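These numbers come from a predicted model, not from an experiment.
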Amino acid sequence: MRPNVAFGALNAPNVAFGASNATNATLGRNKRSPARRPGTAPRWVFVLGVAAPVADTVVGLLLGYPLPALSVVMLVVLLSGRRPRLVAA
């Protein structure tokens, strides 16, 4: 048996188990999931989260070299002002 086929055959159950765990955890079926979970972020966070990389790409193409300045600024602002708000699940 070729090594790639053997590795794939041995790795398939691990991938299936990981996918099952990820799905169960996100759907709240996990016994260890907390009764309260973090609330969703405000709308402006999602808008800036999408707009910053797009703007960085446009600026990078205009300048001729990558410049992830807005993405880094957005990351610093969000991480410095992050306060977890818990809501009932």
Checklist entry - For V58, what are the other residues in its hydrophobic cluster, where any two members join if their side-chain heavy atoms are less than 4.5 angstrom apart? => result L62
Below 3.5 Å, can you tabulate the donor-acceptor pairs from side chains in residues 44-56 to any protein atom, sequence neighbours excluded?
{"from": "D56", "atom 1": "OD1", "to": "L70", "atom 2": "N", "distance (Å)": "3.0"}
{"from": "D56", "atom 1": "OD2", "to": "S71", "atom 2": "N", "distance (Å)": "2.8"}
{"from": "D56", "atom 1": "OD2", "to": "S71", "atom 2": "OG", "distance (Å)": "2.6"}

Item to check | Pairs where residues 5-17 contributes a residue and the test side-chain hydrogen bond (donor to acceptor under 3.5 Å, both in side chains) is met, not counting sequence neighbours | outcome: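 Listed by first then second residue: nothing to list.
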